[in-house]
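Structure first, commentary second.
Keep in mind that what you see is a predicted model, and the values were worked out from it rather than measured. Throughout, a chain's letter reflects where its sequence line sits, starting with A, and its residues are numbered from 1.
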Amino acid sequence: MFPILKVEIQSAVNYLKNLRTQTIVSLVIIALFAVIFLPLIIITMFNFLLLAEESILSSIMVMISVLIMIILSLITVNRIVKDMFMNENMQLYLTFPVKAVELLRAKFIMQLFTGILPVTIPIGLIVGVAFTFRYSSILPLVSAILYFMLLSILTLGLSYIIVFLVTKVASPKKVSEILTFIGGFAAVLPYLIITFGVVNIETVIKYLPNPAGLYEGFIYNVNLLEFTVFTLLSIILSIIIFVSLTQVVKNGFLKGWITTSGRSRKAGSTSLDVNSVKGALLQKDIKMTLRDFKEWAAVLPQYFIPFVVYFVAYNPVASDGYPEMNMDGVIISVSITGTVIISIFVSASNTARDARHYSMMRALPLKAADIVDSKFIYNFITIVPVYMLMSLGVFLFTDVSAAGLFYSLVFILMTALAVIPIGMWFGAKFPVVNTNKPTERMDTGASIIMMIVILILIFSTGFMSNVFIDADGDINHRMTGIMGVVMLALSAGIYFIVTKTVKNIYHRGLKIVYKG
Amino acid sequence: MIEVRNLSKTYGHKHAVRNLSFKVNEGELFAFLGPNGSGKSTTIKMLTGLTEKSSGDIEILGQQPGINSVSLKRELSFVPDTPDIMGKLTGKEYLDFVASVYQMSQENYEDKSKELLELFDLSGALGTLVEEYSHGMRQKLVITGALMHEPKVIFMDEPNVGLDPKSNRNLKSYLKKYVDDGNTVFLTTHTLGLAEEIADRILIIYEGEEKATGTLSELRTKSGLVSGSLEDVFLALIGEEEVNVSDSESRDSIGG
């Protein structure tokens, strides 16, 4: 087992040593955010555990445990699929004179120590320290760490059970795509947790089971007898689960319980059809998106950002008690900022996606103009109708006027016309192909610039909404009309200039950065 | 048909290809051979316009290849060494895409693709996503896509890698007939038996430079061998000698 573990650790260390400067910069930015927000989260959680009524402590433990198991098992399943199926070193290891059980133990240890324990142990420490202070005893610290270690091994076990089940119905590659999609969707969760969760946490806890017998005496309000019994039980259970898991997974691999190919499915008709060049390019893009959950994962969070603005504007609780904003102003300004956000991200991502097949595309008799025009149409039909429907939904469920809706639809059209080519410029100018991380398509520097632009836009939405409203709280038709005319001229100009620039980039050939 | 004069490619200070000159005639199957890293793929990419040359001239069908030479590309085809095609399309959709890009007529597309799909035993897999294909099936799909619009010149970089014996034989037969009809094939391969069997002329490149060009018998003469397979000729020309395994083992065993 140790030689494999050594190679796995060496491989992880080499990965860290060879990080590109831009990735390091992104990690530093993430670390800075963590430095700002982590102490807040830790202090909030610590105070909550220290001061909460004793009657709900078991419910809190249930909530923490369930959240950990759900979130970490989803992440771990994705990692298992990549590590055990898609990464071919598993096959290579099995050709060496090592026992399958040793190989699996090494993999489990890596998955536990680099994926699960770095999350669960700090949480265990917060829980343990909080209860240590609350009950003036060191025992809860020991029991909390043991409990979260057991929970980690259970999470690993749950992840393998999910892998066993899902690979029965889909290929590992498809499973990985779906999980990436869920991961992308999960990026929306922080917005929901911030807006709904924090306000309603006590209501959530009321609906959770309260198994006081499970935690009282062991995790909190500790007595020596229960502590001893549960400590021994945790250790024994952890060992049993770890050993059983090794045997079960070994059998899964060797006896073929886990399929590596999934069921082959027919995806469409076999009648042959010739199309126009632009039509063929458009169809290719649509099919590649509809069938690839990774694509959905990459763009979904951006589609949801405007909803957060709508929610904050409409909900007095979420907007921290401030009076409601004028929804006409909000819908018009969100139609501009939201369309900018989605157009930049989706267009850039869709354009940079071609880098993966660029050699093939370049060998074909394709004109740069055909590629760019079809890509613009594709981006337009995947962005504009979605945003128009979103505005229609807001119109139906809030007190937006018909004029507000009309302006919103017009601004969506004009903004998309200008910003889609800008997104395509980013995608064509900074494409990246990363074989290890297919969702990474663009240069990190370009992604950071786009992120900053988006943050500025989100913060400016509130200010912008005032531009379209007069002193009486009605739509300022004169100002909105002037803005519309200015935007139309600007959009048309930007469309022609930037589209031409993008065509020139394709004409000269994309400069692709290869990673992985 | 293909004329290359003093073609060079450098990456920084590294010369991938140096002063390469050769001519490939109409109706000829030209094999371009060399060890790993000798500049074969770089040359084929320059010929197909996928990589820009550092210096020299290339003329194919009287035109200069390049990224934007759309009319020339309609007369050419390229089979890359790795069949990296869009996995989320079905085999049928990939072929539809290629036929549309080459602006084939519906009738011509149906006739040619049917012939090639039967040749490579792919008809039953047309409705399956390409990502579910094996390497060999992808290779056959790429070859089908490359041949169906009947290009005048086809560039093939290791086309037989991953092909099953039946498809390999069918490919050889097809290519022989294809050049007999007046078309041109430019082929790179490490399977020297394939080149020996079907190539009209052979160029051997080593460390980016031409070592020899000619028919197999001309290459034998240049290498100083009276007889011998293409493998013997190839190794003699690039100056590599076969390692005597039993000798090296005995040296190892006595600590030498």
Q: Mind ranking A/Lys278, A/His507, A/Gln283, A/Met288 by heavy-atom pairs under 4.5 Å with chain B and telling me who comes out on top?
A: A/His507
**Q.** A/Ala363 versus B/Tyr102, closest heavy-atom pair with distance
**A.** O-OH, 4.2 Å
Q: Could you tell me which of B/Arg74, B/Glu110, B/Glu75, B/Met86 has the largest number of non-hydrogen atom pairs under 4.5 Å with chain A?
A: B/Met86
Q | Side chain to side chain, A/Leu364 and B/Phe78, heavy atoms closer than 4.5 Å | A | no
Q: Could you check A/Leu366 against B/Val101 for side chain to side chain contact (heavy atoms under 4.5 Å, CB included), going step by step and ending with a plain yes or no?
A: CA-CA 7 Å; A/Leu366 287 166; B/Val101 165; 3.7 Å; yes
**Q.** Residue among A/Lys367, A/Lys284, A/Met361, A/Arg508 with most heavy-atom pairs under 4.5 Å to chain B
**A.** A/Lys284
**Q.** A/Met360 portion near chain B, given a 4.5 angstrom heavy-atom threshold
**A.** side chain
Q: Looking only at non-hydrogen atoms, find the nearest pair between A/Val274 and B/Met104 and report the distance.
A: CG1-O, 3.3 Å
Q. Is any side-chain heavy atom of A/Leu281 less than 4.5 Å from a side-chain heavy atom of B/Phe97?
A. yes
Q | Which atom of B/Leu89 lies closest to which atom of A/Lys287, heavy atoms considered | A | CD2-CB, 3.9 Å
Q. For B/Thr48 and A/Arg362, what are the C-alpha separation, side-chain angles and deciding distance, and is it a side chain to side chain contact (heavy atoms under 4.5 Å, CB included)?
A. CA-CA 9 Å; B/Thr48 49; A/Arg362 198 168 162 165; over 6 Å; no
Q.
Tell me which of these, B/Thr51, B/Ile85, B/Val142, B/Leu95, has more heavy-atom pairs under 4.5 Å with chain A than the rest.
A. B/Ile85
Q. What pair of heavy atoms forms the shortest contact from A/Val277 to B/Ser100, and how long is it?
A. CG2-O, 3.7 Å
Q: Please state whether the side chain, the backbone, both or neither of B/Ser105 comes within less than 4.5 Å of a heavy atom of chain A.
A: backbone
Q. Around B/Glu52, counting heavy atoms of other residues, nucleotides and ligands shown, do more than 12 lie under 6.0 Å from its CD?
A. no
Q.
Please classify the contact of A/Tyr358 with chain B as side chain, backbone, both or neither, using a heavy-atom distance under 4.5 Å.
A. side chain
Q: Take atom NZ of B/Lys112 as the centre, draw a 6.0 Å sphere, and report whether it contains more than 12 heavy atoms from other residues, nucleotides or ligands.
A: yes
Q.
So for B/Phe155, is it side chain, backbone, both, or neither that comes closer than 4.5 Å to the heavy atoms of chain A?
A. neither
